[in-house]
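Comments concern the structure below.
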2 protein chains.
Amino acid sequence: MTEFSAPKAIDKSNLFRKGDPDFMTSLARGIEVIRAFSDTKTGVNMSAISERTGLSRAVARRCLYTLSEMGYVRRDLDGYYLEPKILSLSQTYFSSTSLPALAQEHLDHVKESTGESCSLAILDEHETVYIARSAARRIMAVSLGIGSRLPAYCTSLGRVLLAALPPAELDNYFGTIKRKAFTERTRTTQRDLKAIIDKTREQGFTIVDQELEIGLRSLAVPVRNHNGVVVAAMNVGVQASRVSLSDLKRQTLPVLLSASEKLRSQLIC
Amino acid sequence: MTEFSAPKAIDKSNLFRKGDPDFMTSLARGIEVIRAFSDTKTGVNMSAISERTGLSRAVARRCLYTLSEMGYVRRDLDGYYLEPKILSLSQTYFSSTSLPALAQEHLDHVKESTGESCSLAILDEHETVYIARSAARRIMAVSLGIGSRLPAYCTSLGRVLLAALPPAELDNYFGTIKRKAFTERTRTTQRDLKAIIDKTREQGFTIVDQELEIGLRSLAVPVRNHNGVVVAAMNVGVQASRVSLSDLKRQTLPVLLSASEKLRSQLIC
DNA sequence: ACTTATTGTGCGATTATCGTACAAATGTTC
DNA sequence: GAACATTTGTACGATAATCGCACAATAAGT
């Protein structure tokens, strides 16, 4: 406990850490309860929360009770709902980092001039996390919002971000993650991926063609700050049926690169 | 710098509720620690967290330790930072409610055709909370993001939402909140505000002229669902120096009303 | 090198939290 | 509407999670 170690993936064992007097189990459990609301369009009842989190019903109940007393959760006829007050937690993130706010206008510009969704993401715990987004009108098969996470190895944003990692960390990445094929096109071997990442680093962009989902192509470029350090990645996602690979490279890439460059000049600090 | 964020003083009574065996103090404290990061562009050290939350240093430390073990907080040279993983908490909200996603394209459209920032908000605990937003390029004096909260009585969004409240709840609202004048134009008496709210209800929109901040005008309309129930409010905020009250009413209002109407037809459930 | 500020450690005291088992609602089926 | 099934609320003793102090260690500033 001398140093706060790198964040670990949360599994159940982490929630019941006996023997670490500094780890507040109740806090961890309560937060897991919040997360248990993911992907639930309807109300969630106590038992469901208890199941999803692996917490005993009594604990789940107390967590829900506490969260509801604090105004983060509301109880309705058909179960518990998250209250918008939960947004105040992420608001603290946005109010303490300016990157998403600065990027927004450039994302909007890319979206307007290409007609396609444009997103900004960073790497967090070996996953790609969207931190800003300008979504095109058309309904995409994948609907991703701010805070959404995807595996890095099979997304354009992820590969750009991985390409910016120091070699040691990249090795560590491949040592810890497990890869699976989302489609028949997904590259999963370490050799292939490392080659792709090397190429990405060289050419300054990457295209992923239906490796995450059939019908989805994605182009990404790095976003650097004033000192040239990669601080994020920006991408455009298109439907494969409408935009060819060469169109992506010839028409979309220049727009994306220009946006990234404009943003760069704003990232002084 | 004009700060509208909730006062830093945290209600201790809520955090140290002795005698309620169902209230998990540790969970409440941990969440307050997350909130203590609001409006901090730089790293925050432990002592600062302890001060802001009113928690003892030992408790603040354990909360930070736990959050950092879970990956929500990172420790850097100059203090603690929120990690983007915190966004996964709000992601659960967006993944469980479709209103913000549906509204986005309409907000974007209003922004594009008026050139001004457009936002969607709902009422939560007597405050206006932004749940979606399309920000105009120009830098506004007030930079508000998703999850930001403002008092309802002095904002256009708030007055539209208050106008939709059942009379009893409106009375309750006025009974509980305290009003203060942000500018010399801010209306604060219950009589004035009730009259304004009545008028808002009648005419289906409201304009607030520099009552929150000098130089800021705002126009808001209700957003109804398919059954006619008000589920949110949509607004456009402009700089007083550039857009007159009559321009707002003649040019912006129709755009906003049309957007609200289009959104309404999508809100079937 | 000295002072000051901030952070980490150990430990006994205490009470917050746990889980079980049971009671009370609530909803469902026939 | 009775009988059953499912979900939620209550009570309480046991226990370990959490507390805060006081001190040690480190970092920062002069």
Side-chain angles (χ1 to χ4, degrees), chain A residues 1-6 10 12-34 36-37 40 42-70 72-82, chain B residues 10-34 36-37 40 42-70 72-81:
Chain A
M1 198 198 66
T2 49
E3 188 52 47
F4 290 5
S5 55
I10 302 202
K12 304 269 160 71
S13 59
N14 254 0
L15 294 179
F16 297 96
R17 289 178 155 219
K18 316 225 170 201
D20 187 345
D22 285 343
F23 190 84
M24 293 170 71
T25 325
S26 318
L27 172 53
R29 288 171 169 172
I31 289 180
E32 285 307 309
V33 166
I34 295 176
F37 281 90
T40 58
T42 170
V44 193
N45 64 15
M46 223 180 64
S47 315
I49 296 281
S50 157
E51 270 180 40
R52 283 185 177 222
T53 55
L55 299 171
S56 81
R57 270 187 29 243
V59 173
R61 200 184 90 83
R62 266 188 297 268
C63 288
L64 286 168
Y65 174 80
T66 306
L67 291 170
S68 105
E69 284 288 304
M70 295 179 80
Y72 294 106
V73 151
R74 175 179 41 93
R75 187 176 185 176
D76 214 334
L77 296 152
D78 59 338
Y80 290 92
Y81 285 86
L82 281 179
Chain B
I10 284 163
D11 188 3
K12 304 239 169 97
S13 59
N14 255 2
L15 293 179
F16 297 94
R17 289 182 161 223
K18 315 223 171 197
D20 187 345
D22 285 342
F23 191 85
M24 295 170 72
T25 326
S26 317
L27 172 53
R29 286 171 170 172
I31 289 180
E32 285 308 315
V33 166
I34 295 175
F37 282 89
T40 58
T42 172
V44 193
N45 64 15
M46 221 181 65
S47 314
I49 296 281
S50 158
E51 270 180 42
R52 282 185 177 223
T53 56
L55 299 170
S56 80
R57 272 187 25 243
V59 173
R61 201 184 89 83
R62 268 188 296 266
C63 288
L64 287 168
Y65 173 79
T66 306
L67 292 170
S68 121
E69 284 289 304
M70 295 179 81
Y72 293 107
V73 151
R74 175 178 43 91
R75 190 181 185 172
D76 214 332
L77 297 152
D78 60 336
Y80 290 93
Y81 286 87

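So that the names make sense, note that chain A is the first sequence line, chain B the second, and so on, each numbered from 1.
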Problem set entry | Steps toward side-chain contact (heavy atoms from CB on, under 4.5 Å) verdict (I31(B), L67(A)) | CA-CA 10 Å; I31(B) 289 180; L67(A) 291 170; 3.6 Å; yes
Problem set entry | Rounded distance in Å - CZ (R62(A)) to C1' (dG9(D)) | 12 Å
Problem set entry | Spacing of Y65(A) atom OH relative to dA11(D) atom P, expressed in whole Å | 13 Å
Exercise. Atom CG of D22(A) and atom P of dT9(C): how far apart are they, to the nearest Å?
Worked result: 8 Å
Seminar exercise, completed: Between L77(A) and A58(A), the residue closer to the 5' end of DNA chain C by nearest nucleotide is A58(A)
For this session: Before giving the answer on side-chain contact (heavy atoms from CB on, under 4.5 Å), spell out for L27(B) and R29(A) the whole-Å C-alpha distance, their side-chain angles and the decisive distance to 0.1 Å.
Result: CA-CA 8 Å; L27(B) 172 53; R29(A) 288 171 169 172; over 6 Å; no
Exercise. Listed by chain and number, what are the side-chain hydrogen bond (donor to acceptor under 3.5 Å, both in side chains) partners of R74(B), not counting sequence neighbours?
Worked result: D76(B), E83(B)
Exercise. Among dG20(D), dT18(D), dG19(C), which is the nearest nucleotide to the side chain of S26(A)?
Worked result: dT18(D)
Problem set entry | Nearest heavy-atom neighbours spanning Y65(B) and D22(A) | CD2-O, 3.2 Å
Exercise. Within the pair T25(A) and dA17(D), is there a side-chain N or O less than 4.0 Å away from OP1 or OP2?
Worked result: no
Problem set entry | side chain to side chain contact (heavy atoms under 4.5 Å, CB included) involving S50(A) - partner list, sequence neighbours excluded | R57(A), A60(A)
Exercise. Which heavy atom of G43(B) sits nearest a heavy atom of Y81(B), and at what distance?
Worked result: N-OH, 3.2 Å
List, with names and distances, any nitrogen or oxygen atoms from the protein found under 3.5 Å away from nitrogen or oxygen atoms belonging to nucleotides 6-8 of chain D.
| unit_1 | atom_1 | unit_2 | atom_2 | d |
| --- | --- | --- | --- | --- |
| dT8(D) | OP1 | M46(A) | N | 3.4 |
| dT8(D) | OP2 | M46(A) | N | 3.4 |
| dT8(D) | OP2 | S47(A) | N | 3.1 |
| dT8(D) | OP2 | S47(A) | OG | 2.8 |
| dT8(D) | O3' | R75(A) | NH2 | 3.1 |
| dT8(D) | O4 | R57(A) | NH2 | 3.3 |

Exercise. For the helix from dA1(C)-dT30(D) to dC30(C)-dG1(D), how many degrees between its two end axes (five pairs per end), to the nearest 10°?
Worked result: 60°
Exercise. Atom CE of M24(A) to atom P of dT17(C): distance rounded to whole Å?
Worked result: 8 Å
For this session: Let me know the distance between CG of L27(A) and P of dA16(C), rounded to the nearest Å.
Result: 17 Å
For this session: Calculate the interatomic distance between D76(B) atom CG and dT6(C) atom P; express it in whole Å.
Result: 18 Å
Exercise. Which whole-number value in Å describes the distance from F23(A) CZ to dA16(D) C1'?
Worked result: 16 Å
Exercise. Distance check: side-chain N/O of R29(A) vs OP1/OP2 of dC18(C), anything under 4.0 Å?
Worked result: yes
Seminar exercise, completed: Correct closest heavy-atom pair for T53(A) and E32(A) would be CG2-O, 3.7 Å
Problem set entry | Nearest non-hydrogen partners of V59(B) and M24(A), listed with the distance | O-SD, 4.4 Å
Exercise. Does Y80(A) have any side-chain hydrogen bond (donor to acceptor under 3.5 Å, both in side chains) partners at least two apart in sequence or in another chain, and if so, which?
Worked result: none
Exercise. Taking only N and O in the side chain of S56(A), is any of them less than 4.0 Å away from OP1 or OP2 of dC18(C)?
Worked result: no
